[in-house]
Asks: 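Below is a structure I'd like to ask you about.
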There are 2 protein chains.
Amino acid sequence: MSRLLVTVDIVLFTIRERVLHVLLIRRLARPFENRYALPGGFVLEDESLEAAAARELREEAGVEKVYLEQLYSFGDPKRDPRGRVVTVAYYALVSETQPLRAGSDASVAAWFPVAQLPTLAFDHRKIVECAHQRIRNKLDYTNVGFELLPEMFTLGDLQLVHEAIVGQALDKRNFRRKITQKAIVKPLKEWRKTGRKPAQLFRFSDEVGHIH
Amino acid sequence: MSRLLVTVDIVLFTIRERVLHVLLIRRLARPFENRYALPGGFVLEDESLEAAAARELREEAGVEKVYLEQLYSFGDPKRDPRGRVVTVAYYALVSETQPLRAGSDASVAAWFPVAQLPTLAFDHRKIVECAHQRIRNKLDYTNVGFELLPEMFTLGDLQLVHEAIVGQALDKRNFRRKITQKAIVKPLKEWRKTGRKPAQLFRFSDEVGHIH
DNA sequence: TCAAAAGTGTTGAAGATACACCCATGG
DNA sequence: CCATGGGTGTATCTTCAACACTTTTGA
């Protein structure tokens, strides 16, 4: 009945330039000094795990009100050289347009394409891979895809998100049919006028299925 | 950076008399004295989470070498009246024929139908529901169903397992077609001669997909 | 001879995939 | 005028759901 150190680590995804990226923080302290690691930190005595994850996201990434979901807990006794640390991993999704607020010091926090990560501290690479796999799986039967978009978006935007996550091109007509007939988006009367040709804007049609 | 108590709790499923059951332990100590709770206990300083879960299953349920998978971590600050305890929940599956060894004292450990649980200690009811949901979901795209069966089984046995988990009857012909054409079982040359009519025995066809 | 579980095909509906062209606009 | 992304329909295939009767055996 020993007390253990408990942390949360968060895999924060976004899509930039059509590619899925993960936010990493350069460590300033030992161990793994100067290595990149996931944002995260210790769980306080009186906060829930999810609250801890949200707080760390706020403090380390300057991000607020994101979609946040528990991923998996990692507790190998050797995973942290300082001693026994159990981490509860979360993943989170933000749209590219949602600005990272103050608190995220550009010199230490940076986005990396999920396919080209630097060497990470601890077992964080494994955690990122686990999270990537999870969102790929959930893409089909939930609406995680939307969480990476701003409130209004075009079907083209949504398709780019799906393509970035699964890592391959999708057929435009099939994609649009699938999305529209599931009735998980609702068309607006507004049109985006930037871009080559005006495009209809959409919005989620209310809260549907975040299953875990 | 405070140290927290970390436990594992295990939802151990089996099928008895065609109904999905969960193993519960009657608590002898406070809090929740005399209430039923999941088998579980504190994670030791130098064992992994999964090792802790396996150890608790051995110590409290007398069960060895079962299918064991992490479920979810629960860390509400108020979930344990004694103080801050984070639990990493697992679920496990055993076949009805696998005997519960010594160590499981019949007076404290008992099987309950998952649909008729007594009032449980802590947030254990929520944990059981979470686990039940998980195996229901995994039934379709993994072979969790097999873990509840002995090494050789008939398709009728397997169908009963599926029916117990989803809680409703399935069409025999559709079920058999689905199973056999996925090639996840391989037919043996042996036939079970007990029962009304001889039935062909099957076995898993090697390790396929335990995805998490 | 009856009760219980084993075994076996077909049809229709729904969903998924493959595939190509014209349009509106900004540069 | 051309490059870019927006928008649209059909044919095919696969997958899933519904559905009923005969056989073997032990009691």
Side-chain angles (χ1 to χ4, degrees), chain A residues 15-19 96-97 136-143 145 149-150 152-203 208-209, chain B residues 15 17-19 96 136-142 145 149-150 152-203 209:
Chain A
I15 292 186
R16 313 175 85 203
E17 318 272 331
R18 307 184 170 194
V19 173
E96 185 168 10
T97 60
R136 241 182 286 143
N137 290 338
K138 295 198 78 160
L139 201 53
D140 278 331
Y141 63 96
T142 64
N143 47 11
L149 288 171
M152 294 186 210
F153 50 87
T154 67
L155 293 183
D157 295 339
L158 184 58
Q159 184 173 349
L160 288 174
V161 166
H162 280 240
E163 289 175 336
I165 292 174
V166 302
Q168 65 173 3
L170 302 172
D171 180 89
K172 203 203 305 188
R173 282 165 294 184
N174 293 338
F175 179 80
R176 294 165 98 93
R177 189 176 25 248
K178 191 164 74 175
I179 294 296
T180 51
Q181 84 185 14
K182 269 194 208 158
I184 47 188
V185 298
K186 67 167 181 244
L188 303 177
K189 299 217 175 63
E190 300 174 64
W191 293 70
R192 177 185 293 167
K193 294 264 177 51
T194 65
R196 292 309 183 170
K197 187 178 166 179
Q200 189 168 17
L201 288 165
F202 290 77
R203 188 193 291 274
V208 204
Chain B
I15 293 186
E17 317 273 329
R18 308 185 169 193
V19 173
E96 186 167 7
R136 240 181 286 142
N137 290 339
K138 295 198 78 160
L139 204 53
D140 279 332
Y141 63 96
T142 66
L149 288 171
M152 295 186 210
F153 50 87
T154 67
L155 293 182
D157 295 339
L158 184 57
Q159 184 173 348
L160 287 175
V161 167
H162 280 242
E163 288 175 337
I165 293 174
V166 303
Q168 64 174 2
L170 302 172
D171 180 89
K172 203 203 309 188
R173 283 164 295 183
N174 293 338
F175 179 78
R176 293 166 97 93
R177 190 178 21 251
K178 190 164 76 175
I179 295 296
T180 50
Q181 83 187 13
K182 269 195 209 157
I184 48 189
V185 298
K186 67 168 181 242
L188 303 176
K189 299 216 176 64
E190 298 174 66
W191 292 69
R192 178 186 291 169
K193 295 264 179 51
T194 65
R196 291 310 183 167
K197 186 178 168 181
Q200 189 167 19
L201 287 166
F202 289 77
R203 186 193 290 276

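Order of the sequence lines fixes the chain letters, A, B, ..., with proteins taken first and strands second; residue numbering starts at 1 for each chain.
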Asks: How close do A:Asp171 and A:Gln159 get, heavy atom to heavy atom, and via which atoms?
Replies: C-NE2, 4.1 Å
Asks: Any N or O donor-acceptor pair under 3.5 Å from the base of D:dG6 to the side chain of A:Lys172?
Replies: yes
Asks: Going by heavy atoms in the side chains, are A:Asn174 and A:Lys178 under 4.5 Å from each other?
Replies: no
Asks: Give the nucleotide from the list D:dC19, C:dA18, D:dT24 with an atom nearest to the side chain of B:Lys197.
Replies: D:dT24
Asks: B:Leu160 CG to C:dA4 C1': how many Å, rounded?
Replies: 13 Å
Asks: Rounded to the nearest Å, what distance is computed from the CZ atom of residue B:Arg196 to the P atom of nucleotide C:dG7?
Replies: 16 Å
Asks: Atom CD1 of A:Ile179 and atom C1' of C:dA16: how far apart are they, to the nearest Å?
Replies: 14 Å
Asks: The side chain of B:Arg176 lies closest to which of these nucleotides: D:dC19, D:dG7, C:dT8?
Replies: C:dT8
Asks: Out of D:dA17, D:dT10, C:dT8, which has the shortest distance to the side chain of B:Arg177?
Replies: D:dA17
Asks: How many angstroms lie between NE2 in A:His162 and CG in A:Asp140, if you round to the nearest 0.5 Å?
Replies: 8.5 Å
Asks: Could you check how far CG of A:Asn174 sits from P of D:dT14, rounded to whole Å?
Replies: 16 Å
Asks: I need the CZ-P distance between A:Phe153 and D:dG6, as an integer number of Å.
Replies: 14 Å
Asks: For B:Lys182 and D:dT14, what is the distance between atoms NZ and C1' respectively, to the nearest whole Å?
Replies: 15 Å
Asks: If you check the B:Pro198 side chain, which of D:dT25, D:dG7, D:dG9 turns out closest?
Replies: D:dT25
Asks: Are B:Val185 and B:Phe153 side-chain neighbours, meaning at least one heavy-atom pair lies under 4.5 Å?
Replies: yes
Asks: More 5' along DNA chain C: B:Asp171 or B:Thr154, using each one's nearest nucleotide?
Replies: B:Thr154
Asks: Could one point to a donor on the side chain of B:Arg173 or the base of C:dT10 with an acceptor on the other under 3.5 Å away?
Replies: no
Asks: Output the rounded distance in Å from NZ (A:Lys193) to C1' (D:dG6).
Replies: 15 Å
Asks: Whole angstrom is fine here: how far is it from CG in A:Leu155 over to C1' in D:dT8?
Replies: 13 Å
Asks: What residue among B:Leu160, B:Val161, B:Asp157 forms side-chain contact (heavy atoms from CB on, under 4.5 Å) with B:Ile15?
Replies: B:Val161
Asks: Taking the minimum atom-to-atom distance to the side chain of B:Gln200, which one of C:dG7, D:dG9, D:dG5 wins?
Replies: C:dG7
